[in-house]
Amino acid sequence: MSERSIAEKQPMTDLERLRHSSAHVMATAILRLWPEAQFAAGPPVENGFYYDLQLDHRITTEDFPRIETEMKKVVAEDQLFERIPVSREQAFKLAEAGALGSLGPRNAPSKFKLDILQGIPAGEEITLYRNGDFTDLCAGPHIARTGGIGAFKLTGIASAYYKGNEKNPQLQRLYGTAFKSKAELDDYFVRLEEARKRDHRKLGRELGLFHIDEEVGAGLVLWTPKGAILRRELQGFISEELRKQGYTEVFTPHVAKLGLFRTSGHYPYYRESQFPPLIEPDSLRRLADEGCSCAALSNLLQEGEVDGFLLKPMNCPMHIKIYDSAQHSYRDLPIRLSEFGTVYRWEQSGELGGMTRVRGFTQDDGHIFCTEEQLAEELFRALDLGQRVLRALGLNDFRARLGLRDPDSAKYVGAAEQWGKAEDALRRAAEKVDLTFAEERGEAAFYGPKMDFVVKDVIGREWQLGTVQVDYNLPERFDLNYIASDNSPKRPIMIHRAPLGSLERLCGVLIEHFAGSFPVWLAPEQVRVLPISDKHLEYARKIEQLLAGAGVRTTVAASSDKIGAKIRLAQLEKVPYMLVLGAREEQAGEVAVRSRSHGDEGAVSAHEFVERVQKEIREKKID
RNA sequence: GCCGGUGUAGCUCAGUGGUAGAGCAGCGCAUUCGUAAUGCGCGGGUCGUCGGUUCAAACCCGACCACCGGCUCCA
C-alpha cells in the first residue's frame, strides 16, 4: 500500500485500517505460496481491499481456498503490526535486496516498491510495516495485531495496469473484503445478494422492459412495449419542464457529413470513440478500383481528401446549424433548442453493460445560445432544472462534480482565459442554486468545463446522468454570431445541457433505484383488474373501461387462475394497484383495492379509486 | 482494447467422453375459486458460433462472438 501514502488525504476509518491490514495479511499468505510475487499497491477500497501483484502463476478462484487457509494461519498467529521508520537509504537498500513487500531478501529487487520509493518526495518520512516475516513499504496505519481481523473472504481477481496507466505492465489485482466479525461479513454478502436482485439487467428482463440482442449488436438497446411506456413518460416529463423554461424543440438526423464533425472538432480527434465513417457508394467503388488499402482510406478520410458520413456522436453541431440557419438579434437571445437526440459512440467492448453503458443512446439534449450577460442566469436555470428533475424522480442521493480541465493535457481546446471565465460562471451558478459539488481535474469536456450529476448503481459504481457544460469554443469554430444592440456582430456563448443525460442510463438507474417497483406515473401497467372468477369478468371489463377512459394503464387478468395466483403474478410483475372484483364489489359498484406495497386496503367506490390514481399520477407521487 | 470467469429449453439451473434433464413459464383440457402458486396432459434444445482431437464431444483443445467482474477509456 503505497499509492495512498503519497496521496493520503483523510485518516483511515477503523474499518479501512482493518481492511488495509487484511491486504498485508493476504500478501503474507501469497508470499508463503509464491515467494517470488512482486507487490505494488494494496489499499482499502469501498467494500474491502485489494493488492496488486505480479506473478507468473495466474491466480484463479481455484487458488482462493489455499490463499484463505494461509491467511487464516497468519490471523491465528496473531502477529504484531510493527511500524518502522527508516531512512531513504535504508529503504532503497531493502528494496534493492527484494526485501520490501516480501518475507525477506530475495534475488530480485522489489521493483514496484523501488519505483514507489522514487516517487516519495525528499524529506517525507518513510515507514515500513512488519507483521511476522512480512515487511512492506507502507505509510500505514494498521490495526495492532493480525488477530484483530475478525472475518475475511477473497472476492475476486482482475487485472489492473500498474499505477492505472495503460503503458505500464498489467498486474493481477486480488480483491477481498474483511470485517470485525463473521456476522458482519455474512451480513455483507446477504446485502450484496439483495442488491443483485435489483440489478437492472436482471429486472429489465424479468419485467420485460428492454432487450439487447446479440444479432442487433452489443450495446444497442431495444425498447420493448413496457420499456417504451417508461421512456415516453420520462420524455413527457422533461418536455413539459423544458416548455416551461422557454425551450423550443427540434429534430435532427442520425447521420451527417464528416465535414460537419471536422468543423466541430469531433473528427478526427475522437475517432476512436466513434463508429467508423460511412462512405458514398461511388467513392467507395472508385477507391476499390484504385486498389486503395484500408490504411490509405483511413488516412484519406482523416486528411479530408475523401468525404463520408458519420453516425452522430453528439447533437450539438446540428443544433448549431439550426441556430446559424437564421440571423439572430440580441433581442432573440437566449435561444434554447432541445431534442431527444440519439447519438452513437464506439464504447470499448469491455465497457459495455446493460443500459448504463451502451453504444447508442438518447440524450435529453439541449443547447442554449446566449450573451455573456445572460450566461449566469442561464447556468443557474440549467443547474436548477438538473437538480429538480433528479429529485422529482426520487434520485435524491446524487453528487455534483465540477469537471475542470487538466492543464497538463493537450486534449482541450480554447483559450485559458475563456476556460477561467467558464469555470467561474459554473461555480457561481452552483452556489446560487445551493448545490454542493466537488471539483475534479481532467473531468471537463474537451470544449469546456462542466457540472455533472452523478449517481450510484446497486453495486456501487458511479454513473454520470445530467450535465451542464459551458462552451466558448464551438461558437468560435462555427463562426456563430448575433447582432448586438450597437449593430455589430457578436459571438454567442453556448451551454450544452442534458438534465437526465441518457434515457437508457437513466432507466437503468431508475430500475435499480425503485427495484422495479416504479411509482404509479411511471409504471408500464398501473392497475390490474383481478376478477375472482369468470362470472365477474364482465364487471372487470367495465372497470377496465372506466380506468382506461380516465387515462390509467390497465389490464384484466382474465385467466382461469385462482385469485391467489392472479395476485401473486401481479405482485411479481410489480403492478402498483390490483383491484379484486367479486360478487360483493359488483353489487356495490365498488372495487377492492390491493396495493403493491401495502396489501389489502379494502373496498372503495370505483369512482373514488379512479380519482385517487389520477391524483397520484398527476402529482408523480413516489411511495 | 486488456486480464480473469461464464455460455445447456423463454427463465433459473443439473448433466466430467457413450442416444440431452428438472422446476418455472408456454400450449391443451378440466376447475370458477375472496388477497402471493388448482390439477392432469402436451410441446419445446444445431448444448453461443466455427474448426480440431476421438470409433464417439454439451463435456477435451483452438479461434471467434456475447455476457459477468475488474482495468483502461468515457467529447
Side-chain angles (χ1 to χ4, degrees), chain A residues 45 50 52 58-62 155-175 196 199 201-202 205-206 208 211-215 217-219 261 264-267 269-274 312-317 343 345-354 357-359 403 411-413 442-448 450 452 459 461 463-464 467 469 471 473-474 496 505 530-537 559-573 578-585 592-596 599-603:
Chain A
V45 287
Y50 68 77
D52 284 344
R58 291 253 162 246
I59 295 176
T60 70
T61 45
E62 283 169 25
T155 53
I157 177 88
S159 94
Y161 299 103
Y162 177 56
K163 288 187 171 172
N165 188 330
E166 225 174 339
K167 308 265 186 314
N168 286 341
Q170 273 201 330
L171 307 176
Q172 304 190 60
R173 176 168 294 179
L174 196 49
Y175 283 90
R196 294 214 167 110
D199 190 308
R201 291 164 294 198
K202 183 175 158 67
R205 185 180 52 242
E206 286 173 359
H211 174 63
I212 295 171
D213 191 280
E214 214 176 299
E215 201 169 354
F261 298 103
S264 70
H266 294 110
Y267 191 90
Y269 210 54
Y270 280 97
R271 69 179 183 287
E272 289 77 20
S273 15
Q274 296 159 357
K312 64 176 171 183
M314 293 188 98
N315 300 303
C316 38
V343 297
R345 298 178 187 179
W346 189 258
E347 303 291 353
Q348 297 184 73
S349 58
E351 261 304 337
L352 297 171
R357 193 74 185 266
V358 292
R359 283 183 173 156
K411 76 173 186 177
Y412 304 99
V413 295
E443 289 289 330
F446 78 97
Y447 47 69
K450 58 177 183 164
D452 293 329
I459 49 178
R461 288 183 292 209
W463 297 105
Q464 178 200 317
T467 183
Q469 316 178 346
D471 183 1
N473 176 58
L474 285 178
H496 306 241
R505 180 173 288 180
L530 313 175
I532 299 263
S533 82
D534 285 358
K535 291 179 201 142
H536 316 106
L537 190 53
S559 74
S560 63
D561 283 334
K562 298 206 290 192
I563 194 67
K566 289 181 182 179
I567 286 169
R568 179 168 185 272
L569 195 64
Q571 286 285 158
L572 289 174
E573 292 179 20
M578 287 150 268
L579 298 181
V580 176
L581 303 186
R584 292 204 292 271
E585 288 74 22
V593 179
R594 183 190 164 98
S595 84
R596 173 180 63 196
D600 193 351
E601 296 186 1

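Quick caveat: nothing in here was measured; it's all calculated off a predicted structure. Just so you know, these numbers use all the heavy atoms, side chains as well, and skip hydrogens, waters and symmetry mates.
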- Query: Can you find a side chain N or O atom of A:Lys202 that sits less than 4.0 Å from OP1 or OP2 on B:rC11?
  - Reply: no
- Message: Categorize A:Arg357 for me: base, sugar-phosphate, or nothing, with a 4.0 angstrom heavy-atom threshold over every strand shown.
- Response: base
- Message: My understanding is that a pair needs two contacts under 3.5 Å, Watson-Crick or G-U wobble. By that rule, which nucleotide pairs with B:rA30?
- Response: B:rU38
- Task: Taking all heavy atoms of A:Glu585 and all of A:Ala592, pick out the closest pair and write down the distance.
- Result: OE2-CB, 3.5 Å
- Query: Can you find a donor-acceptor pair, distance only, under 3.5 Å between A:Ser560 side chain and B:rU32 base?
  - Reply: no
- Query: Is A:Ser159 side chain donor-acceptor paired with the B:rG4 base, going by distance under 3.5 Å alone?
  - Reply: no
- With heavy atoms under 4.0 Å as the rule, sort A:Tyr447 into base, sugar-phosphate or nothing. sugar-phosphate
- Message: For B:rG34, does the base pair up with any side-chain atom of A:Glu585 as donor and acceptor (N or O, under 3.5 Å, distance only)?
- Response: yes
Just the table, please: protein N/O against nucleotides 44-46 of chain B N/O, every pair under 3.5 Å.
none

- Query: Does the side chain of A:Asn315 reach to within under 4.5 Å of the side chain of A:Val343, using non-hydrogen atoms?
  - Reply: yes
- Calculate the interatomic distance between A:Glu206 atom CD and B:rU12 atom P; express it in whole Å. 8 Å
- Message: Measuring only the P atom in each nucleotide, how far is B:rC64 from B:rG39? A whole number of Å is fine.
- Response: 50 Å
- When the nearest nucleotide of RNA chain B is assigned to A:Gly217 and to A:Gln469 on a heavy-atom basis, which residue is associated with the more 5' position? A:Gly217
- Item | Value in whole Å for how far the C1' atom of B:rC2 lies from CG of A:Leu171 | 12 Å
- Message: Please tell me if A:Arg58 has a side-chain N or O lying less than 4.0 Å from either OP1 or OP2 of B:rG4.
- Response: yes
- Message: Using OP1 and OP2 only, check whether a side-chain N or O of A:Arg201 sits under 4.0 Å from B:rA66.
- Response: no
- Taken to the nearest whole Å, CD1/A:Ile212 to P/B:rC68 is 8 Å
- For A:Arg205 and B:rC24, give me the distance from atom CZ to atom C1', rounded to whole Å. 14 Å
- Figure out the CG/P separation between A:Leu530 and B:rU35, and round it to whole Å. 12 Å
- Message: Taking the side chain as everything from C-beta on, heavy atoms only, tell me whether A:Gln464 gets closer than 4.5 Å to A:Glu443.
- Response: no
- In whole Å, what is the span from the CD atom of A:Gln571 to the C1' atom of B:rA36? 7 Å
- Message: Can you identify which nucleotide, out of B:rU38, B:rG34, B:rU35, has its nearest atom closest to the A:Arg594 side chain?
- Response: B:rU35
- Please examine the side chains of A:Leu581 and A:Ile532, heavy atoms only from C-beta on, and report whether any two atoms are closer than 4.5 Å. no
- Assigned partner base of B:rC24, Watson-Crick or wobble definition, under 3.5 Å: B:rG10
- Answer yes or no as to whether B:rA75 has its base stacked against A:Phe446, where stacking requires a ring-centre separation under 5.5 angstrom and planes under 30 degrees apart. no
- Message: Rounding to an integer number of Å, can you tell me how far A:Ile563 CD1 sits from B:rU31 P?
- Response: 19 Å
- Task: Check the distance between B:rA66's P and A:Glu215's CD and give it to me in whole angstrom.
- Result: 13 Å
- Message: Side-chain N or O of A:Arg596 versus OP1/OP2 of B:rA36: is the shortest distance under 4.0 Å?
- Response: no
- Item | Distance test, side-chain N/O of A:Ser349 to OP1/OP2 of B:rG1, below 4.0 Å | yes
- Do the side chain of A:Tyr161 and the base of B:rG1 come within less than 3.5 angstrom through a donor-acceptor pair of N or O atoms? yes
- Close side-chain approach of A:His496 to A:Lys450, heavy-atom, < 4.5 Å: no
- Message: Any base atoms under 4.0 Å from A:Gly582, or only sugar-phosphate, or nothing? Heavy atoms, all strands.
- Response: base
- Could you check whether A:Ala570 gets within reach of a base, just the sugar-phosphate, or nothing at all, counting any heavy atom under 4.0 Å? nothing
- With a non-hydrogen cut-off below 4.0 angstrom, is A:Ala160 in contact with a base, only sugar-phosphate, or nothing? sugar-phosphate
- Task: Test for a donor-acceptor pair under 3.5 Å between the base of B:rC73 and the side chain of A:Arg345, counting only N and O atoms.
- Result: no
- Note on the structure: Exactly one candidate in A:Met314, A:Arg357, A:Lys312 meets side-chain contact (heavy atoms from CB on, under 4.5 Å) with A:Arg345; the answer is A:Met314
- Message: Does B:rG4 have OP1 or OP2 under 4.0 Å away from a side-chain N or O of A:Arg173?
- Response: no
